[in-house]
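All chains are named by letter (A, B, ...) in the order of the sequence lines, taking the proteins before the strands, and each is independently numbered beginning at 1.
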Amino acid sequence: MFDKYKAQGWWPIITEVVSTEKETSTKDQSKWICKYGLAAPRNQEEAFEIAIGAILTQNTSWKNVEKALINLKSSGNLSIEKISSMPLKNLENLIKPSGFYKQKALRLKEFSKFVLSFGSMRNFIEKIDRETLLKQKGIGHETADSILLYACKQKQFVADAYTKRIFSRIGLIKKDTKYEEVKKSFEENIPKNLEIYNEYHALIVEHAKQFCNKKPACEQCPLSKLCKKMI
DNA sequence: AACCAGGACGTGA
DNA sequence: TCACGTCATGGT
């Protein structure tokens, strides 16, 4: 997969692009895009954004999550303090494009307050463990592992639905294998290395999007030869 | 116009 | 434990 897709450079981060065109310089023409390959998180703000993105992307396409994140960021509300203190209705409106916006607004607020209970994002990153994180409402296995791996740099393999779909089709696991078991088998069979955990999951997502989606494109798939195609 | 998207939770069996 | 309904917007 790496040969095919190259390094993914997760996690993606929302960044402001300032236009340098002179003709329209009367207005401050800036736009926001989602950028990969930044070696994020480079600071606590990005770590927090990653956690927020992990919650927003629950059963939702990343494209819709981008819209929600840009709404938050461009309005200056993508911070622990703002999300935990702003009116619920405002938050709901900002994240509406990501879907399930009422429950997600609550989850974002609860999570932000949870981080605040550690004192700061830095302390949260230092102290948080998987069991404690899983007790938070709205944070299940995958979201927890995404936050721990990509925001906190802990060696936790993210075994999402894509992972199960690809590797059950290939024939390496059964399709009814539970999350914790899939996670364990990966952690036992690939090098215990942060970069590899990071990149491996990102490649799985890319592969699932390009070829191994619900209706797979097996003809063009780079893994076609080694796959048992157990659709 | 159905169907799907980087899930999680509450419920009843 | 486990299958099933619910939550919701935007793209194909």
Side-chain angles (χ1 to χ4, degrees), chain A residues 1 5 7-14 32-37 40-41 46-47 49-72 88-111 114 130-152 156-169 173-183 186 197-217 231:
Chain A
M1 285 195 284
Y5 307 117
Q8 300 296 302
W10 270 30
W11 187 281
I13 293 291
I14 304 299
W32 299 83
I33 60 164
C34 187
K35 221 171 179 183
Y36 290 74
E46 289 186 353
E49 177 182 330
I50 289 169
I52 295 305
I55 293 171
L56 288 177
T57 199
Q58 289 168 356
N59 201 40
T60 302
S61 68
W62 183 254
K63 208 66 191 160
N64 284 4
V65 177
E66 281 183 20
K67 296 175 193 293
L69 285 174
I70 287 172
N71 286 346
L72 288 169
L88 185 60
K89 289 292 175 190
N90 291 15
L91 184 56
E92 287 180 356
N93 282 329
L94 289 170
I95 68 168
K96 194 166 281 187
S98 75
F100 307 119
Y101 62 90
K102 289 182 181 173
Q103 48 172 282
K104 281 178 181 173
L106 288 170
R107 289 174 185 180
L108 292 189
K109 272 190 167 292
E110 282 187 41
F111 176 74
F114 181 58
R130 191 166 191 265
E131 273 185 60
T132 310
L133 186 54
L134 279 171
K135 286 178 188 156
Q136 278 298 296
K137 272 207 200 320
I139 300 193
H141 310 263
E142 187 192 334
T143 308
D145 286 335
S146 293
I147 292 173
L148 293 171
L149 174 61
Y150 291 104
C152 306
Q156 303 283 351
F157 194 86
V158 181
D160 64 344
Y162 286 163
T163 310
K164 194 182 292 187
R165 186 163 76 199
I166 293 173
F167 285 85
S168 65
R169 281 174 175 174
I173 62 174
K174 288 175 287 183
K175 60 176 179 297
D176 57 353
T177 312
K178 296 188 197 331
Y179 184 95
E180 296 294 340
E181 202 180 330
V182 178
K183 173 185 173 70
F186 273 85
Y197 278 30
N198 181 319
E199 194 64 23
Y200 208 124
H201 174 66
L203 286 168
I204 284 173
V205 173
E206 189 59 24
H207 180 64
K209 281 178 177 170
Q210 288 199 28
F211 299 102
C212 205
N213 37 32
K214 266 266 157 57
K215 233 173 83 73
I231 313 297

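Ring stacking holds between A:W62 and B:dG6, with the centres under 5.5 Å apart and the planes within 30 degrees of each other.
At the heavy-atom level, A:E92 lies nowhere under 4.0 Å from the strands shown. No engagement by A:A54 is indicated, since no non-hydrogen atom pair under 4.0 Å with the nucleic acid exists. If you check every strand for non-hydrogen atoms under 4.0 Å, A:H141 touches sugar and phosphate atoms only.
Partners of A:Y150 by ring-ring contact (aromatic ring centres under 6.0 Å, His included), not counting sequence neighbours, listed by chain and number: A:W10, A:W11. Residues passing the side chain to side chain donor-acceptor pair (under 3.5 Å) test with A:K67, sequence neighbours excluded: none. Among residues two or more places apart in sequence or in another chain, the side chain to side chain donor-acceptor pair (under 3.5 Å) test is passed with A:R169 by none. Listed by chain and residue number, nothing satisfies the salt bridge (Lys or Arg N to Asp or Glu O under 4.0 Å) test with A:E131 (two or more places apart in sequence, or in another chain).
In this structure, A:R165 does not reach the B:dC4 phosphate: none of its side-chain N or O atoms is under 4.0 Å from OP1 or OP2. For B:dA8, one of the phosphate oxygens OP1 or OP2 lies less than 4.0 angstrom from a side-chain nitrogen or oxygen of A:T143.
For residues 54-64 of chain A, the pairs satisfying salt bridge (Lys or Arg N to Asp or Glu O under 4.0 Å) are A:K63-A:E66, with sequence neighbours left out. Applying the side-chain hydrogen bond (donor to acceptor under 3.5 Å, both in side chains) test to every pair with at least one member in residues 157-167 of chain A, sequence neighbours left out, gives these pairs: A:D160-A:T163.
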Would you tabulate the side-chain donor-acceptor contacts of residues 203-210 of chain A under 3.5 Å, counting partners in other chains and residues two or more places apart, or write 'none'?
{"unit_1": "A:E206", "atom_1": "OE2", "unit_2": "A:Q210", "atom_2": "NE2", "d": "2.7"}
{"unit_1": "A:H207", "atom_1": "ND1", "unit_2": "A:Y5", "atom_2": "OH", "d": "2.6"}

Name the atoms and distances for all side-chain donor-acceptor pairs under 3.5 Å in residues 90-97 of chain A, with sequence neighbours left out.
{"unit_1": "A:N93", "atom_1": "OD1", "unit_2": "A:K96", "atom_2": "NZ", "d": "3.4"}
{"unit_1": "A:N93", "atom_1": "ND2", "unit_2": "A:K89", "atom_2": "O", "d": "3.4"}

(request) Dot-bracket for DNA chain B, please, read 5' to 3', with Watson-Crick or G-U wobble pairs under 3.5 Å on both distances, ( ) within the strand, [ ] crossing, | other strand, . unpaired. (result) .||||.|||||||
N/O contacts under 3.5 Å, protein versus nucleotides 10-13 of chain B?
none

Measure all distances between protein nitrogen or oxygen atoms and nitrogen or oxygen atoms of nucleotides 8-12 of chain C, and list the pairs falling under 3.5 Å.
{"unit_1": "C:dA8", "atom_1": "OP1", "unit_2": "A:F100", "atom_2": "O", "d": "3.3"}
{"unit_1": "C:dA8", "atom_1": "OP1", "unit_2": "A:Y101", "atom_2": "N", "d": "3.2"}
{"unit_1": "C:dA8", "atom_1": "OP1", "unit_2": "A:K102", "atom_2": "N", "d": "2.9"}
{"unit_1": "C:dA8", "atom_1": "OP1", "unit_2": "A:Q103", "atom_2": "N", "d": "3.4"}
{"unit_1": "C:dA8", "atom_1": "O4'", "unit_2": "A:F100", "atom_2": "N", "d": "2.9"}
{"unit_1": "C:dT9", "atom_1": "O2", "unit_2": "A:N64", "atom_2": "ND2", "d": "3.0"}
{"unit_1": "C:dG10", "atom_1": "O4'", "unit_2": "A:N64", "atom_2": "OD1", "d": "3.2"}
{"unit_1": "C:dG10", "atom_1": "O4'", "unit_2": "A:N64", "atom_2": "ND2", "d": "3.0"}
{"unit_1": "C:dG11", "atom_1": "OP1", "unit_2": "A:K67", "atom_2": "NZ", "d": "3.2"}

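Of all the residues in residues 173-182 of chain A, not one reaches under 4.0 Å from DNA chain B with any non-hydrogen atom.
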